[in-house]
Amino acid sequence: MAESNTVLVSMEAGVLTLTLHRPDKLNAFNEEMHRALRAGFERAHEDTGVRAVLLTGAGRGFSAGQDLGDRDPRKADGPPDLGRTIEAFYNPLIRLVRSLEKPVVCAVNGVAAGAGANLAFACDITLAARSARFIQAFSKIGLVPDSGGTFTLNRLLGEQRAKALTMTAEPLDATTAAEWGLIWKVVDDEALMAEATALAARLAAGPTKGLGLTKRAIQAASANDLDAQLDLERDFQREAGSSADYAEGVAAFLEKRTPEFSGR
Ligand code: T3D
């Protein structure tokens, strides 16, 4: 994986921790940070030793979305092709997060704006510091929400709240984001990293195959009718039932001991 200071990478007990690291810019995305983050998620896909990912940000922000310094119209010949940058960077990132058959925990340590907010919402289990806030900043600069924001907000909040948040770009505090179901929970600022790390470690020690299938099943549900989802559950249960972790889980229950899941 290419070394970059823009994303700090560490691995412990099956948890790959990816820390966005451009604190002076509130971890806004430039191309280098995009490449480094993508490399981190590609490693998570390929490396069987990685059994959960923890995503967070360095400094007082989680991510302020696209680095607008790289979009200065005063230094450009004409309008940029933002469709190209979405296709090249933001869409692959969201697809990597959603298709990873391992849990992705997100610890939102501070403000999350634009693509930064929608990246946080795309993760599987998102915790936020009580002081964090989420801003659909796109409309402030004449853009539309990206990074899956229109998909996620509409499904989780319904049209009224999705339209109000995106059209007004009003900040949403972390407590309300949790009450509305956009994130899992709010944690006191000083406790955030300990709680998110413990959660990621717990998931990394879990039945990785079953957790990955669970993620796929939940994500498939919004596009399926009940019959299709029941069929999918049957197929996934067949697959989970043939895993070593299922055999271990049942044996451990019968032997009244804690299971030791291998992830297989
Ligand atoms: O372009 C494409 O490829 C299309 C894709 C677009 C995806 C997107 O994400 S579009 C949305 C881009 N993001 C924004 O519009 C958010 C811009 N930032 C803000 O509105 C505010 O900074 C925040 C509300 C996030 C935080 O406000 P505050 O008051 O806490 O901090 P600040 O003072 O504004 O920012 C601190 C520093 O970070 C500051 O630098 P300085 O003055 O100390 O040297 C600020 O310029 C810098 N910063 C914050 N956000 C960005 C940024 N620099 C570059 N790009 C940013 N997005």
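Every number for a ligand or one of its atoms is a count from 1 in the order of the listing. Residues: numbered from 1 along the sequence shown.
Nearest protein heavy-atom contact of atom 28 (P) of ligand 1 is R60 NH2, 3.7 Å. For atom 54 (C) of ligand 1, the nearest protein heavy atom (residue, atom name, distance) is D67 OD1, 3.3 Å. Scanning the protein for heavy atoms near atom 18 (N) of ligand 1, the closest one is A64 CB, 4.5 Å. Closest to atom 53 (N) of ligand 1, if we only count protein heavy atoms, is K25 CD, 3.8 Å.
Atoms CG and CG, from N30 and D67 in turn, are 6.0 Å apart once rounded to the nearest 0.5 Å. Rounded to the nearest 0.5 angstrom, T166 OG1 and L143 CG are separated by 12.5 Å. Rounding to the nearest 0.5 Å gives a distance of 10.0 Å between CD of E170 and NZ of K140.
Atom 1 (O) of ligand 1 has its nearest heavy-atom neighbour, among K140, R71, Q136, R22, in R71. In this comparison of A113, P80, G59, the heavy atom closest to atom 25 (C) of ligand 1 sits on A113. In this comparison of R84, R133, H34, the heavy atom closest to atom 27 (O) of ligand 1 sits on R133. Across L26, D24, N27, heavy-atom proximity to atom 49 (C) of ligand 1 is greatest for L26.
Across all non-hydrogen atoms, the minimal contact from A244 to S262 is CB-OG, 4.4 Å. Nearest heavy atom pair, residue L20 against residue M33, reads CD2-CE, 4.1 Å. Minimum interatomic distance between T19 and G57 (heavy atoms only, all atoms of both residues): CG2-C, 3.9 Å.
Between the side chains of R22 and T6, no donor-acceptor pair of N or O atoms lies under 3.5 Å.
If you chain together hydrophobic residues whose side chains sit under 4.5 Å apart, F236 and L100 never meet in one group.
Only the side chain of D146 comes within 4.0 Å of ligand 1, counting heavy atoms alone; its backbone N, CA, C and O stay farther away. Of the heavy atoms in L82, only side-chain atoms (C-beta onward) come closer than 4.0 Å to ligand 1. Residue contacts with ligand 1 for T85 involve side-chain atoms from C-beta outward but no N, CA, C or O (heavy atoms, distance under 4.0 Å). With a 4.0 Å heavy-atom cut-off, ligand 1 is reached by the side chain of Y90 but not by its N, CA, C or O. With a 4.0 Å heavy-atom cut-off, ligand 1 is reached by no atom of F29.
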Practice prompt. Step by step, work out the side-chain contact (heavy atoms from CB on, under 4.5 Å) result for L18 and L54.
Written response: CA-CA 6 Å; L18 303 172; L54 173 59; over 6 Å; no

Discussion item. Determine whether F151 and N118 satisfy the following criterion, side-chain contact (heavy atoms from CB on, under 4.5 Å), listing intermediate values before the conclusion.
Written reply: CA-CA 10 Å; F151 180 93; N118 292 335; over 6 Å; no

Practice prompt. Test I125 against L203 for side-chain contact (heavy atoms from CB on, under 4.5 Å), laying out the working first.
Written response: CA-CA 11 Å; I125 305 182; L203 293 167; 4.0 Å; yes

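Remark: ligand 1 atoms within the under-4.0 Å shell around heavy atoms of G65 are 9 (O). Each of the following atoms of ligand 1 lies closer than 4.0 Å to a heavy atom of A115: 7 (C), 8 (C), 9 (O). Close approach of ligand 1 to A137 is summarised as follows: ligand atoms under 4.0 Å from at least one heavy atom of the residue are 14 (C), 15 (O), 16 (C). Ligand 1 places these atoms under 4.0 Å from at least one heavy atom of I135: 24 (C). Interface of G114 with ligand 1, defined as ligand atoms under 4.0 Å from a residue heavy atom, comprises 9 (O).
When distances from atom 31 (O) of ligand 1 to the protein are checked, a heavy atom turns up under 4.0 Å. For atom 10 (S) of ligand 1, the nearest protein heavy atom is under 4.0 Å away. Shown here, atom 35 (O) of ligand 1 is in close reach of the protein: a heavy atom of it lies under 4.0 Å off. Protein non-hydrogen atoms do not reach within 4.0 Å of atom 21 (C) of ligand 1. Protein heavy atoms are found inside the 4.0 Å sphere centred on atom 56 (C) of ligand 1. Within the 4.0 Å cut-off (strictly below), a protein heavy atom is located near atom 38 (O) of ligand 1.
Ring centroid separation for the pair F134 and F62 does not come in under the 6.0 Å cut-off.
Counting only heavy atoms from C-beta outward, the side chains of F89 and R38 approach each other to under 4.5 Å.
Ionic pairing of E101 and R216 is present here: one or more N-O contacts between side-chain nitrogen and carboxylate oxygen are shorter than 4.0 angstrom.
Other residues, nucleotides and ligands contribute only 12 or fewer heavy atoms inside 6.0 Å of the CD atom of Q237.
No N or O atom of L143 sits closer than 3.5 Å to an N or O atom of ligand 1.
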